[in-house]
Amino acid sequence: MDFIQQLAEALSAYCGLQTEELVPLFEIPPESAMGDFAFPCFKLAKTLRKAPPVIAQELVQTIALPPFAARAEVAGGYVNFFIRPEAYATAVLSEIREKGEQFGGSAMGGGRNVCIDYSSINIAKPFHIGHLSSTVIGRSLYRIYEHLGYNCVGINHLGDWGTQFGKLIVAYQKWGEEETVNQGTVRALLHLYVRFHDEAEKDPSLEDEARAWFKRIEDNDAEAMRLFEWFKELTLKDVGRVYDMLDVHFDSYAGESFYNDKMQPIVDELNAKHLLKEDKGAYIVDLEAYNMPPCIVLRSDGASLYATRDLAAAVYRKETYDFAKSLYVVAYQQDLHFRQLFKVLELMGREWAQDCEHVAFGMVSMQDGTLSTRKGKVLFLEEVLQAAIEKTCATMEEKSPDLEDKQTVANQVGAGALVWNALYNNRIKDIVFSYDKALNFEGETGPYVQYTHARCCSVLRKAGRDSSIPEEIAYEALCDEESGKVIRALFAFPGAVRNAMEKNEPYLVARAVMALCQAYNKFYFDCRILGEKPAVEQARLALTAATKTVIATGLYLVGLRAPERM
RNA sequence: GCGCCUGUAGCUCAGCAGGAUAGAGCAACGGCCUUCUAAGCCGUAGGUCCCGGGUUCGAAUCCCUGCAGGCGCGCCA
């Protein structure tokens, strides 16, 4: 698997540069017919004071090719290296045989902790389509970091504090019933919340009542706390259904209320370090020197704010988990907030502020406008999931009516379509939600990948094999164009995983898995597997087993289940 | 007004730590199931890489000026 490393060593002798300097210069040519790896000579032109094509020519004539390389060709200013196909196949399949579903993983994390704040839902508010991004990006990063040897702490930073709970209590006491709320759960709470805002427009005194009730929560008043805890419990139970459907889990549910008693020390510290400044009655950290608006730490009435709470949370996480990295998977709207937060931490002398990162993602909207909880204009994620599952059921009824346990597979594929759709692009892109797109099962979709996995399983099953790769393989049977492309796609997978971690971009893994599926489906169409000569059949089965294993790993890292039949 | 982000095929996007003829999927049109899952495969058509400068042997990619859109900017979270 270290082809580039060895080619670089061979080059090093010629040009005098260190192997490590040469390795990153290598490229994959745009077409496989041009070679497996390319070395552009343009950068050497200056130091060697020769024209790139001349350097390329000399390189080809001078260097001693490692045994796995068939030949090197000059193409303009490039040297193109051709790897012996059987050497390529041997290297890739051997590594997958050894590592199995750990392929693409490593121990680079060294067991260090990574905190990942994701999903972070609001209590008493619906889990709507807009929460999908944070939930699945965070979960995917969790799995990618773990794959690379980190120990992750998944944190659901619950939005369980704020005046909205006062509003909710007022609404419940005026218009709610215990039974209705217990049955309707979050939907019922949402109705109350929406009604509060409608009525408050006519009668502003309701806002005062709400503030008074919230004050009672802050003061730990028994009745207020009972309702507050009840709302919280209802929401977590309700949302738990969606988390189960998505197979998402958390290590901590320490939310906003958890930090109530942890903010004072932060304020004291800011004060002691002379970072706090009084301004119009409020206390702020002036960030003008850093071209940012001030960070408000205390309101003029002395109450704490979002930033205060997040400062306390950041410090708590460092002290509790001693993280190597702390990620916040939150929409890009909060970009300024996080830049301020990290800057204040830095000013407090917390050097680890540089290990904190806002993993921002784009907005989700509907074709007819943005989502608004206050107006009750939301699309419940659970409804979308149900629709996806129903569509999957219908498809299966048509395509594979005899399948056992259709419901389980439908859940996996339906959820898979949504999750894949949310993770297939660069995080920062805005998404206009459409059922047509989210429930598409053809082309570059989750079901396509799951289908390819099931197809591999089917071939192996018919051959009476499992996904293990035999020691002895007729590698020369894997030298055709189609097999070669599958091998190359498998080879590219580990780099994609590392890259995804470094950039906190799950789509890099998704794209690598997609490329593998496309290569395999082409191979499957062009190359007969079962019933070929034994040596050929066995080699192609081994390639199928390797593909199945890597697709399964990729699906896991992105956050989808890998059904064996569908 | 200031700040952050985005602009590539009809649509959704990849490519952007500079490199070889700018790639996928969807939608459209045409083809492939008496052999391993057709949720698949193949083909056709479709592009002033937002405009203009600059850096470079070389720019979709880096820098600057515009234009268009999204988001944010003191007591919400």
Side-chain angles (χ1 to χ4, degrees), chain A residues 24-25 27 29-31 34 38 40-43 45-46 51-52 75-78 80 120 122 159 161-164 256 279-284 291-307 309-310 330-337 339-340 360 362-363 365 370 392 395-396 398-400 403 413 417 421 424-426 428-432 434 436-437 440-452 454-463 502 507-508 511 514-515 517-518 520-532 537 540-541 544 565-566:
Chain A
L25 298 179
E27 295 171 12
E31 276 186 51
M34 300 164 82
C41 302
F42 307 96
K43 292 207 167 54
K46 274 187 186 127
Y78 291 90
N80 289 331
S120 301
N122 291 314
W161 202 247
T163 43
Q164 74 264 28
E256 292 175 15
D279 193 82
K280 295 175 191 127
Y283 283 88
I284 64 166
N291 201 23
M292 281 188 263
C295 177
I296 306 177
V297 175
L298 290 176
R299 293 197 317 216
S300 45
D301 66 0
S304 63
L305 283 125
Y306 185 38
R309 215 164 278 276
D310 265 7
V330 180
Y332 67 58
Q333 284 146 306
Q334 299 200 33
D335 173 71
L336 177 60
H337 165 72
R339 279 172 34 234
Q340 292 178 317
M363 306 235 314
S365 59
T370 21
T392 312
T395 306
M396 285 195 323
E398 180 194 325
K399 295 178 192 288
S400 41
L403 200 64
V413 175
N421 193 239
Y424 195 55
N425 292 327
N426 202 308
I428 206 69
K429 299 282 179 185
D430 286 334
I431 296 171
V432 178
S434 93
D436 274 356
K437 190 159 186 247
N440 179 27
F441 295 170
E442 283 160 27
E444 295 173 341
T445 64
Y448 172 95
V449 177
Q450 291 171 314
Y451 181 81
T452 309
R455 172 177 262 179
C456 291
C457 291
S458 172
V459 173
L460 294 169
R461 196 163 48 236
K462 286 226 159 80
E502 277 161 17
Y507 85 92
L508 292 167
R511 299 259 168 183
M514 181 59 68
C517 290
Q518 287 171 330
Y520 183 81
N521 280 324
K522 172 80 173 131
F523 161 81
Y524 178 87
F525 186 85
D526 288 345
C527 305
R528 178 76 204 170
I529 301 165
L530 302 178
E532 293 295 289
E537 180 184 285
R540 289 180 177 169
L541 281 170
T544 300
R565 300 172 201 252
M566 63 186 274

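All chains are named by letter (A, B, ...) in the order of the sequence lines, taking the proteins before the strands, and each is independently numbered beginning at 1.
- B/U61 and B/C50: their P atoms are spaced 8 Å apart (whole Å).
- Judged by distance alone with a 3.5 Å cut-off, no donor-acceptor contact links the side chain of A/D436 to the base of B/A27.
- Nucleotides B/G23 and B/A14 place their C1' atoms 7 Å apart, quoted to the nearest Å.
- Using a 4.0 Å heavy-atom criterion, one finds that A/D301 contacts no nucleic acid atom at all.
- Nucleotide B/G40: paired with B/C32 (Watson-Crick or G-U wobble, both distances less than 3.5 Å).
- Side chain of A/T452 to main chain of A/Y448: a donor-acceptor pair is present (N/O by atom type, distance under 3.5 Å, no hydrogens or angles).
- Among the atoms of the strands shown, none is found under 4.0 Å from any heavy atom of A/P40.
- Of the candidates B/A20, B/C13, B/C71, B/C13 carries the atom nearest the A/R511 side chain, counting heavy atoms from C-beta on.
- Summarising the geometry of A/F441 relative to A/P447, their closest heavy-atom pair is CD2-CG, 3.5 Å, with the distance given to 0.1 Å.
- The shortest non-hydrogen separation linking A/G159 to A/N122 is CA-OD1, 3.5 Å.
- Pairing for B/A20 is absent, with no Watson-Crick or G-U wobble pair whose two atom distances lie under 3.5 Å.
- B/A60 makes up no base pair with any nucleotide shown, lacking Watson-Crick or G-U wobble contacts both under 3.5 Å.
- Rounded to an integer number of Å, the gap from CD1 of A/I296 to P of B/C76 is 8 Å.
- When Watson-Crick and G-U wobble pairs are counted only if both distances are under 3.5 Å, B/U55 pairs with no nucleotide at all.
- Here, B/G7 and B/G47 have their C1' atoms 15 Å apart, quoted to the whole Å.
- By the 4.5 Å heavy-atom criterion applied to side chains, A/D430 and A/Y332 are counted as neighbours.
- Counting any heavy atom pair closer than 4.0 Å across all strands shown, A/E256 reaches sugar-phosphate atoms only and no base atom.
- Nearest to the side-chain atoms of A/P29 among the listed nucleotides B/A20, B/C75, B/C26 stands B/A20.
- Here the closest heavy-atom approach between residue A/E27 and residue A/P40 is recorded as OE2-CG, 3.3 Å.
- Atom name C1', nucleotides B/U21 and B/C49: the rounded distance is 15 Å, in whole Å.
- When the P atom is compared between B/C13 and B/G3, the two are found 27 Å apart, to the nearest whole Å.
- Here, B/U56 and B/G69 have their C1' atoms 32 Å apart, quoted to the whole Å.
- Atom-to-atom, CG of A/L336 to P of B/A77 comes out at 15 Å; the value is rounded to the nearest Å.
- With a cut-off of 3.5 Å on both pairing distances, the Watson-Crick or G-U wobble partner of B/U6 is B/A68.
- Side-chain contact between A/T392 and A/M566 is absent, with no heavy atoms from C-beta onward closer than 4.5 Å.
- Smallest separation of non-hydrogen atoms from A/P29 and A/M34: CB-CB, 4.0 Å.
- The side chain of A/R339 contributes no N or O atom lying less than 4.0 Å from OP1 or OP2 of B/C73.
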* Sugar-phosphate atoms are those with a prime plus P, OP1 and OP2; base atoms are the rest. Using that split, label each nucleotide of nucleotides 34-43 of chain B B, S or - for protein heavy atoms under 4.0 Å, 5' to 3'. => -BBBSBBSS-
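- A/M514 has its CE atom 10 Å from the P atom of B/G25, to the nearest Å.
- The main-chain N or O of A/D436 is never found under 3.5 Å from a side-chain atom of A/N440 such that the two would form a donor-acceptor pair.
- Distances shorter than 4.0 Å separate some side-chain N or O of A/K429 from OP1 or OP2 on B/G7.
- Rounded to the nearest Å, the gap between the C1' atom of B/G30 and that of B/C71 is 45 Å.
- For the pair A/L25 CG and B/G18 P, the interatomic distance rounds to 10 Å; values are reported in whole Å.
- Side-chain atoms of A/E537 do not come within 3.5 Å of backbone N or O of A/L530 as any donor-acceptor pair.
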For nucleotides 60-65 of chain B, print each protein N/O atom paired with a nucleotide N/O atom at under 3.5 Å, atom names and distance only.
none

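- The distance between the ring centers of A/Y520 and A/F523 falls below 6.0 angstrom.
- In this structure, OH of A/Y424 is placed 10 Å from P of B/A14, rounded to the nearest angstrom.
- A straight line from NZ of A/K437 to P of B/A27 spans 12 Å, rounded to a whole angstrom.
- When each of B/C13, B/C76, B/G74 is scored by its nearest atom to the side-chain atoms of A/N425, the top-ranked nucleotide is B/C13.
- Between the P atoms of B/C62 and B/G15, the separation comes to 12 Å (whole Å).
- Applying the 90° criterion around 0 to the glycosidic angle, B/G54 comes out anti.
- The pairing partner recorded for B/U48 is none, the criterion being a Watson-Crick or G-U wobble arrangement whose two distances lie under 3.5 angstrom.
- Here the side chain of A/R511 pairs a donor or acceptor atom with the backbone of A/Y424 at under 3.5 angstrom.
- B/C73 is paired with B/G1 under the criterion used here, namely a Watson-Crick or G-U wobble arrangement in which both key atom distances are under 3.5 Å.
- At distances below 3.5 Å, not a single donor-acceptor pair connects side-chain atoms of A/R540 with backbone N or O atoms of A/I529.
- In textbook terms, a nucleotide whose glycosidic angle is within 90° of 0 is syn, and B/C33 is one such case.
- Between A/L305 atom CG and A/H337 atom NE2 the span is 10.5 Å, to the nearest 0.5 Å.
- Base contact: A/A38 has a heavy atom under 4.0 Å from a base atom.
- The 5' end of RNA chain B is approached more closely, in terms of each residue's nearest nucleotide, by A/D335 than by the other of A/D335 and A/A303.
- Atom CD1 in A/I428 sits about 9 Å away from atom P in B/C5, given to the nearest Å.
- As a whole-Å value, the separation of A/D310 CG from B/C76 C1' is 13 Å.
- Among the nucleotides B/G74, B/U21, B/C26, the one closest to any side-chain atom of A/E31 is B/U21.
- Contact annotation for A/N421: no contact, since no heavy-atom pair falls under 4.0 Å across all strands.
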